[in-house]
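These numbers come from the heavy atoms of this one structure, side chains and all, not from hydrogens, waters or symmetry mates. Order of listing sets the numbers, starting from 1, for every ligand and every atom in it.
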Amino acid sequence: MARGKGILAADESTPTLSKRFDKLSIVSSTETRMSWREMLFSSPGLSEWISGVILYDETIRQTTSAGIGFVEMLKANGIIAGIKVDTGAKPLAGFFGETVTEGLDGLSQRVEEYYGLGARFAKWRAVISISETNPTPACIAANAHALARYAKICQEAGLVPIVEPEVLMDGEHSIEVCYSVTEKTLRAVFEQLRLLEVKLEAMVLKPSMVLPASDSPAQVSTAEVAEATVNCYLRNVPAAVGGIALLSGGQQEERATAHLAAMNKLGPLPWPLTFSYGRALQDRPMRIWSGKQENSKDAQAALLELARANSKASISAG
Ligand code: 5MM
């Protein structure tokens, strides 16, 4: 949450990263996934804009082509390593089309191991989708409870938990519907965080923005998204929370940056409001890289440009 810095979410599970590689005809293997991430993390000067990188289990155990572990390499570059500890969103029994994120079994042991491997923060993503009938109160409650259990376990092990309740942009719903679902979700999450006595100062919230769905006929301006999102957080996120690092959720990268800047212009806000983007930082570099070593410099330049723009957006003032 250092001023002007954000987080790079490079914690795609192997199936997700393979899907992204597939679209660009990049072969997905242990080696290509390692090369991709080595190229990103070794971008010269990245730590000027990025303070933390979220890793996936495979990456935290890998070494770079120079034989250095990724955590050590990031540390040498002034970046803190984090780790995704959930094991994915799985169908919620009895509730068609909804999921609950799993991974609590054995989590205490796993986080202890990750701490030993050098991770200093963690991430768990809950997924809430919107349709005519969803989300149900059951889905919100089950995910909120799991997020709070995870956060408490992390804090006990000395890791800062990133609590990520993502309301998906898929569908045709309006910004008003997104607002109402995001509000219900945040209320449930903070109720559970309080119940489990999670220290709010020692956690980071990673929420989705309040937006119309990607296929909604009622698209709105950047200012309207910023106002709805900031209002929703002001009403539902306690001021004690250490910081908010937004996800991009599949928005076009310029939109994600413009929204972040417009939100900060509505400040001063009670918490630092920055970014923890995955696709909005990596899509363009991945297209440029395309699995070819000779494109690395250009791909790194694209990452640095996006990171710098979002850093600027995280400190813009009205
Ligand atoms: C990087 O992608 C993460 C999801 O990976 P899996 O679905 O494979 O578990 C995801 O949690 C990501 O950290 C956030 O959604 C932020 O990424 P976007 O692309 O939404 O900014």
Side-chain angles (χ1 to χ4, degrees), residues 6-23 28 33 36-37 40-41 49-60 70 80-91 99-103 107 110 119 121-129 143 146-147 150-151 160-170 178 182 185 189 204-211 213-214 225 229 243-260 263 273-287 303 306-307 309-311 313-314:
I7 298 168
L8 169 62
D11 59 309
E12 297 87 355
S13 57
T14 300
T16 302
L17 188 57
S18 302
K19 231 188 314 169
R20 308 243 152 99
F21 275 8
D22 265 3
K23 282 195 191 138
S28 179
R33 293 190 293 274
W36 159 244
R37 285 165 168 155
L40 288 179
F41 307 162
W49 328 111
I50 299 285
S51 55
V53 171
I54 316 173
L55 304 174
Y56 179 54
D57 183 78
E58 177 184 64
T59 325
I60 202 169
F70 271 110
I80 307 166
I83 181 77
K84 185 230 293 295
V85 300
D86 66 67
T87 54
K90 306 285 158 62
T99 61
V100 62
T101 301
E102 295 189 349
L107 183 59
R110 288 197 292 122
F121 68 99
K123 197 204 82 174
W124 178 292
R125 170 173 169 256
V127 181
I128 308 291
S129 50
N143 277 294
L147 275 168
Y150 137 82
V160 172
I162 296 188
V163 172
E164 180 180 3
E166 175 172 9
V167 176
L168 294 182
M169 269 170 64
D170 303 345
C178 179
T182 306
T185 303
V189 168
V204 170
L205 179 72
K206 177 166 173 169
S208 39
M209 299 182 192
V210 177
L211 301 158
S214 35
V225 169
T229 306
I244 299 182
L246 294 157
L247 61 91
S248 60
Q251 293 174 69
Q252 206 228 342
E253 54 209 19
E254 284 84 5
R255 297 270 294 159
T257 308
H259 286 148
L260 178 61
M263 284 176 209
L273 181 64
T274 185
F275 60 97
S276 173
Y277 294 161
R279 284 162 288 180
L281 286 173
Q282 298 178 103
D283 278 0
R284 196 191 304 169
M286 192 183 284
R287 277 197 306 275
L303 172 66
L306 290 164
N310 283 298
S311 156
S314 75

**Glu164 near ligand 1 by a heavy-atom separation under 4.0 Å** = yes

**Close approach of Ala280 to ligand 1, heavy atoms, under 4.0 angstrom** = no

What protein heavy atom sits nearest [atom], and how far off is it?
atom	value
atom 21 (O) of ligand 1	Ser248 OG, 2.4 Å
atom 1 (C) of ligand 1	Asp11 OD1, 3.3 Å
atom 7 (O) of ligand 1	Arg125 NH1, 3.4 Å
atom 17 (O) of ligand 1	Gly278 N, 3.4 Å
atom 10 (C) of ligand 1	Lys123 NZ, 3.3 Å
atom 16 (C) of ligand 1	Lys206 NZ, 3.4 Å
atom 5 (O) of ligand 1	Lys84 NZ, 3.2 Å

**Asked** Less than 4.0 Å between a side-chain N and a carboxylate O, is that true for Arg284 and Glu254?
**Response** yes

**Asked** Got an N/O contact under 3.5 Å between Asp86 and ligand 1?
**Response** no

**Asked** Side chain or backbone of Glu12 under 4.0 Å from ligand 1, or both, or neither, by non-hydrogen atoms?
**Response** both

**Request:** Give the numbers and elements of all ligand 1 atoms closer than 4.0 Å to a heavy atom of Tyr277.
**Result:** 21 (O)

**Asked** Which atom names give the shortest non-hydrogen contact between Leu205 and Pro207, and what distance separates them?
**Response** O-CD, 3.3 Å

**Message:** Consider side-chain contact (heavy atoms from CB on, under 4.5 Å). Of Ile50, Thr257, Ile244, Ile7, which one does Phe275 pass it with?
**Reply:** Ile50

